[in-house]
Amino acid sequence: MKQMYPKNGRVILHVDMNSFYASVEMAYDPSLKGKPLAIAGNPKERRGIIVTCSYEARKFGVKTTMPLWEAQKLCPQLIVKKPNFDRYRAASIGMFEILNQYSSLVEPVSIDEGYVDITESYEFGTPLEIAETIQKQIQRQLDLPCSIGVAPNKFLAKMASDMKKPMGITVLRKRDVPSVLWPLDVEEMHGVGKKTGEKLRTIHIKTIGDLAKANDVQLKSVLGINGPRLKERANGTDQRPVDPDAASEFKSIGNSTTLPRDVSNQQELLQVLEKLSETVCVRLKRKKVLASSLGITIRFKDRKTITRSRKLQNPIQKEEELFQIAKQLFLKHWNGDSVRLLGITGMDLIEYNEAVKQLDLFSYEKEARKEPLLATLATLREKFGSHIIDRAVMMPEVKSEQRNIGAETSFNKDFLQDFPYRKTEKEE
């Protein structure tokens, strides 16, 4: 199967959920399927904007961002529901968990779309077979439709996923760009909005093909540094990697690994958890954060996956503390069956300097001894800046981080910060 993949290039999927909020509501209440449905705020007061709508509603001319009153005028039988973000967040997490089964390189873009680099995923089949499998699995497990673009880079994958909706799969190669993309209006290109399109038309750029052949100096004068970048994309070039840690706001830091074989030996599995704890510890230190909750993921040989988490009394960062909590969760929820994948995730992250430790009777005396040192550090930081000095425990351990333990699976978007469906235990 490896020969079906490029030797030097990449294979990237863009997975885009179709009419996501409306589709989630239909999955939750099947009686809504096949009916014109819109998600909008204040439906009783006829105020608000259409957030999304079903394809049945679109047939009447209902569109996203349309005022609710206008949509109801176009479609009097329109069913309007208020957004349920907990429900959408849970569905989103389920979708990204499925994507992470096929690659460690998954980059969430928003609540309903993400990129997946499957260049090293040939064990699951050809690129097209993987796309079909993912689409069917999301439909089967979550009852949600999606469209998938298959391409050598992120830009082309994004363009491809928009070409067939709903439930489409489109392969877009770089050699297809002149015939497929260039004839399209320039506003149909990802990254070109209405205002940018208007600016481009002032220099006689009407199609994506015109942009691909445009003069760099002219482009820069109209769009600044973004002009030449858009020209590259119009020619099918995009060097951006799929980066699981691309989001600037992180709410969790995790690490998982697919085992080389299905393992049922408890000691071996605990050793894997210990190594994962080490990697998560290093990443927490590098980000200078502590975890207030800890979760584990267990995927069994039949691909059944469970996630369990615990809210912690005090935020933690040390490897041993991470391992002990993970070990307790694992031993409580492991049923003895063979395991294919294990993961540990630190959640509810707080910056180290803002962490307020809830001291108990036994730790109070130990912490009190540190007060003079902490006061001195605070004075230095106030005078010379917050980064003038750090404790050694906060320094990243580069060598440890370079160990190839497994796939990093941190979700770094605000919309993924909560796990509504996850069972949570309070620490005793």
Side-chain angles (χ1 to χ4, degrees), residues 89-90 92-101 104 106 141 244-245 250-285 287 289-350 400 403-412 416-428:
R89 192 177 293 115
S92 176
I93 292 169
M95 181 265 287
F96 281 111
E97 284 190 343
I98 290 173
L99 299 186
N100 272 281
Q101 294 177 17
S104 62
V106 177
Q141 291 183 208
D245 293 324
F250 50 90
K251 293 294 181 182
S252 66
I253 287 179
N255 198 195
S256 69
T257 182
T258 301
L259 307 180
R261 56 183 172 80
D262 296 340
V263 177
S264 59
N265 182 278
Q266 178 177 301
Q267 193 60 36
E268 286 186 56
L269 293 170
L270 291 178
Q271 288 174 354
V272 173
L273 282 177
E274 192 168 14
K275 290 181 179 179
L276 290 171
S277 300
E278 179 185 357
T279 303
V280 173
C281 169
V282 169
R283 297 183 64 210
L284 288 168
K285 288 180 179 179
K287 295 287 189 180
V289 292
L290 294 89
S292 299
S293 300
L294 190 75
I296 64 165
T297 300
I298 306 173
R299 181 173 303 146
F300 296 99
K301 64 179 181 181
D302 61 358
R303 288 193 172 274
K304 177 186 177 183
T305 304
I306 64 171
T307 56
R308 299 293 183 266
S309 67
R310 176 179 294 184
K311 184 74 176 175
L312 306 177
Q313 183 177 353
N314 296 318
I316 62 173
Q317 183 194 68
K318 293 180 181 178
E319 176 187 338
E320 179 61 25
E321 293 174 322
L322 294 167
F323 173 61
Q324 287 303 322
I325 300 297
K327 178 181 176 181
Q328 292 170 20
L329 284 169
F330 174 76
L331 293 177
K332 182 172 183 178
H333 298 287
W334 178 49
N335 61 11
D337 289 349
S338 296
V339 174
R340 175 169 296 187
L341 174 145
L342 283 175
I344 296 177
T345 304
M347 299 171 294
D348 300 325
L349 305 183
I350 54 176
S400 296
R403 296 181 186 175
N404 183 20
I405 293 177
E408 294 181 3
T409 56
S410 62
F411 290 119
N412 296 325
L416 294 175
Q417 64 180 307
D418 297 322
F419 286 63
Y421 66 94
R422 182 189 305 243
K423 291 184 179 179
T424 304
E425 304 174 342
K426 290 186 178 179
E427 187 176 54
E428 298 177 357

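Position 1 is the first residue of the sequence, and the numbers go up from there.
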Rounding to 0.5 Å, atoms CG (L259) and CG (L269) come to a distance of 6.5 Å
One should read off an interatomic distance between M347 CE and L312 CG, to the nearest 0.5 angstrom, of 8.5 Å
Closest heavy-atom pair, S277 versus E319, reported as atoms and distance to 0.1 Å, is CB-O, 3.8 Å
So the salt bridge (Lys or Arg N to Asp or Glu O under 4.0 Å) pairs with at least one residue in residues 258-274 (sequence neighbours excluded) are R261-E268, D262-R340
Nearest heavy-atom approach of A326 to I344 is CB-CD1, 3.7 Å
So CD of Q101 and CZ of F96: to nearest 0.5 Å the spacing works out to 14.0 Å
Closest non-hydrogen atoms of E321 and Q317, given as atom of the first, atom of the second and distance, are OE1-N, 3.9 Å
Interatomic distance, OG@S293 vs CD1@I316, rounded to 0.5 Å, equals 9.5 Å
Output for pair (T297 OG1, R299 CZ), nearest 0.5 Å, gives 8.0 Å
Taking every heavy atom of S292 against every heavy atom of P315, the minimum-distance pair comes out as OG-CB, 4.0 Å
| query | Is there side-chain contact between K311 and D348, with heavy atoms separated by less than 4.5 Å? | reply | yes
dist W334:CH2 -> K327:NZ (nearest 0.5 Å) comes out at 12.5 Å
Scanning both residues in full, the closest heavy-atom pair of L270 with F323 reads O-CE1, 3.3 Å
Which of L322, L342, L331, L329 passes side chain to side chain contact (heavy atoms under 4.5 Å, CB included) with L273? Answer is L342
task = Would you kindly say whether Q328 and Q324 are connected by a side-chain donor-acceptor distance under 3.5 Å?
result = no
Practice task
Report the C-alpha separation of K275 and N255 in whole Å, then their side-chain angles, then the decisive distance to 0.1 Å, and conclude whether the side chain to side chain contact (heavy atoms under 4.5 Å, CB included) test is met.
Solution key: CA-CA 10 Å; K275 290 181 179 179; N255 198 195; over 6 Å; no
L349 and I253 have their tightest heavy-atom pair at CD1-CG1, 3.7 Å
